[in-house]
Amino acid sequence: MNFKALAKLALVNLVVFFGIAIFALAIFEMVLRTTQIFDQAQNPAPSYIPQHLKLEDQRIDKLGFLDANGFRTDVEVPDLIEKLRDSKKCKIVVLGDSYVWGDGLPPEVRWPAKLQNLSDCEVYPFGKNGWSSLDYFGFYYEHLREMKFDYLVIGLVSNDPHPIGKFLTHDYAPTIMPFHLTDLYSLPYMLKLYKYKDILNRSYAFDYIDQFVKNYLAAKAPTTGSLEHPPIISYSYDSWTKRIYEDDIYRLWESAIVDFAAIARHPFGFLLTPNETTKEERLRWTRVEQTMLKYNLIFENTFDEQETIFGRAPRPRSYWANPADGHPGDVQTTIFARKAVRLLERLGYKPR
């Protein structure tokens, strides 16, 4: 067989291959759009979140109201800080991140909203997605320290030691340790088509493959860098969280807590709000408890109550905030609110 014949055969085989591949992708696209076969709806650690569930998550996050500073409220409030300043009633301030903001939940299902229903005081939820402990402490120091209110509850989540934010001498730029960079392993990024990401991901089949590939590769990538030689780069959420509990970063967090305790002017306590009760999380929250005890801080830990429900296995998907969002769901926020009441009682709160 001469060269031209071989080239023609190779071209025909290539066309057939791509034809079959396109046909298979078209079938896969149709199945994803019309069925729930590949939705992984019961998987506690899914590699794929369907687009229709992500759209519903976005709709839920638009419920409620945002004040002038981006704080989420159940009823419309122009400025939550000014409302706190003007109110003469018993007042509880809550500091936190996405758990307090209520990512993935209707506003009334957040634990601060449930705390409002369990207490005789007004509850003021100052929380934003992505905040760290340094952000909480800095916000308190800049805006709340001189105000009059009765109790301060500080929610702690597993990613709070992240060195980002500014409080007193603690000042860490986002470039020191960026959030986990999973998207660097997305297909649009690796193929240098990132500006077309939104267009490409309109395809359910492409979106499925993209999510699977980036989650798999990001989990395999090693964490690099150090505080002495930044940036510290992690590519998956698990490796990023593991890194912030290593001694160099965790000790920075401990020192910030000590400094906050020294400047706080209100009765305060920490509410420990784990999202999972796996063996790895038990080790992390045991260490946080040891920090609280070491510095004689008032705290309540919700781990044991959650462990009686979930055991040491990954939390079932039905307990998520919603099927597309792994934040704490209704059962967990109820536990958080009840424990917050116990924390307030230890701070001197007495129901009227």
Side-chain angles (χ1 to χ4, degrees), residues 57-157 159-160 162 164-167 174 179 256 260 263-273 275 321-322 325 327-330 332-334 336-337 340-341 343-344:
D57 179 47
Q58 294 171 17
R59 184 195 68 80
I60 292 172
D61 282 345
K62 293 177 181 178
L63 299 175
F65 303 90
L66 296 181
D67 83 337
N69 300 297
F71 298 116
R72 194 179 185 203
T73 56
D74 298 33
V75 296
E76 191 168 8
V77 176
D79 191 316
L80 198 60
I81 297 174
E82 291 305 314
K83 185 174 185 294
L84 174 67
R85 190 191 313 276
D86 295 340
S87 176
K88 305 300 181 185
K89 299 179 180 179
C90 170
K91 295 175 282 189
I92 299 168
V93 166
V94 174
L95 292 177
D97 63 355
S98 56
Y99 288 24
V100 170
W101 192 89
D103 201 0
L105 292 170
E108 67 274 9
V109 184
R110 299 173 302 158
W111 71 261
K114 294 181 178 180
L115 176 60
Q116 176 71 74
N117 294 332
L118 293 174
S119 70
D120 299 320
C121 300
E122 292 180 339
V123 175
Y124 292 80
F126 293 103
K128 290 188 179 182
N129 293 341
W131 264 10
S132 69
S133 288
L134 291 180
D135 291 311
Y136 314 157
F137 300 160
F139 178 78
Y140 172 85
Y141 186 74
E142 293 293 327
H143 299 283
L144 305 179
R145 187 168 178 250
E146 306 299 328
M147 285 195 186
K148 291 183 179 181
F149 57 89
D150 298 273
Y151 306 103
L152 174 62
V153 176
I154 305 167
L156 291 184
V157 300
N159 56 22
D160 266 15
H162 181 207
I164 186 172
K166 183 176 182 180
F167 167 63
F179 286 100
F260 175 79
I263 63 94
R265 291 184 175 178
H266 300 85
F268 73 92
F270 292 94
L271 182 68
L272 280 54
T273 57
N275 199 24
N322 67 65
D325 194 313
H327 281 84
D330 186 38
Q332 290 173 284
T333 59
T334 297
F336 299 165
V341 173
L343 178 63
L344 289 165

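Numbering starts at 1 and runs along the sequence shown.
Of the inter-residue distances, the one linking Lys88 atom NZ with Glu122 atom CD reads 12.0 Å to the nearest 0.5 angstrom. From Asp135, atom CG reaches atom NZ of Lys128 across 9.0 Å, with rounding to the nearest 0.5 Å. In this structure, CD on Glu146 lies 4.0 Å from CZ on Arg265, to the nearest 0.5 angstrom. The CG atom of Asp150 sits 4.0 Å away from the SG atom of Cys90 when rounded to the nearest 0.5 Å. Taken to the nearest 0.5 Å, the CE atom of Met147 stands 8.5 Å off from the CG atom of Asp86. Going from atom CG of Leu156 over to atom CG of Asp97 covers 9.5 Å, rounded to the nearest 0.5 Å.
The closest donor-acceptor contact from the side chain of Thr334 to the backbone of Asp330 lies under 3.5 Å. Between the side chain of Arg110 and the main chain of Tyr99, no donor-acceptor pair closer than 3.5 Å is present. With Asp325 contributing its side chain and Asp57 its backbone, the two residues share no donor-acceptor pair below 3.5 Å. No donor-acceptor pair under 3.5 Å is formed between the side chain of His162 and the backbone N or O of Leu134. At distances below 3.5 Å, at least one donor-acceptor pair connects side-chain atoms of Ser132 with backbone N or O atoms of Ile164.
Residues Lys91 and Cys121 approach most closely at N-CB, 4.2 Å, considering heavy atoms. Between Ile60 and Arg72, the shortest heavy-atom distance links the atoms O-NH2, 3.1 Å. Residues Phe126 and Ile81 come closest through the heavy atom pair CE2-CG1, 3.7 Å. Of all the heavy atoms in Phe65 and Glu76, the pair that sits closest is CD1-N, 3.4 Å. In terms of heavy-atom proximity, Ile92 sits nearest to Ser119 at CD1-OG, 4.0 Å. Minimum interatomic distance between Ala113 and Pro107 (heavy atoms only, all atoms of both residues): CB-O, 3.4 Å.
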- request: Begin from the C-alpha positions of Phe71 and Tyr124 and carry the test ring-ring contact (aromatic ring centres under 6.0 Å, His included) through to its verdict.
  value: CA-CA 10 Å; Phe71 298 116; Tyr124 292 80; over 10 Å; no
- prompt: Passes side-chain contact (heavy atoms from CB on, under 4.5 Å), Asn69 versus Asp79? Steps please.
  reply: CA-CA 7 Å; Asn69 300 297; Asp79 191 316; 3.5 Å; yes
task: Give the intermediate values and the outcome of side-chain contact (heavy atoms from CB on, under 4.5 Å) for residues His266 and Val93.
output: CA-CA 10 Å; His266 300 85; Val93 166; over 6 Å; no
task: Please lay out, stage by stage, how Lys114 and Glu108 fare under the test salt bridge (charged side-chain N to carboxylate O under 4.0 Å, His left out).
output: CA-CA 7 Å; Lys114 294 181 178 180; Glu108 67 274 9; over 6 Å; no
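Tested against Phe268, the residues Phe149, Phe137, Tyr140, Phe260 include a single ring-ring contact (aromatic ring centres under 6.0 Å, His included) partner, Phe260. Checked against Leu95 for a side-chain contact (heavy atoms from CB on, under 4.5 Å), the options Val153, Leu271, Leu144 give a single hit: Leu144. Across Leu152, Ile154, Asp160, a single residue satisfies side-chain contact (heavy atoms from CB on, under 4.5 Å) together with Phe270, and that is Ile154.
Asp103 and Ser98 share no donor-acceptor pair across their side chains, judged by distance under 3.5 Å alone.
Between Trp111 and Phe336, the ring-plane angle classifies as perpendicular under the 30° and 60° cut-offs. Aromatic ring orientation, Trp131 versus Tyr136: tilted (interplanar angle from 30° to 60°). Between His143 and Phe139, the ring-plane angle classifies as tilted under the 30° and 60° cut-offs.
Looking at heavy atoms from C-beta onward, Leu115 lies in side-chain contact with Val341 at the 4.5 angstrom threshold. Pro125 has its side chain within reach of Leu80: a pair of non-hydrogen atoms, C-beta onward, lies under 4.5 Å apart.
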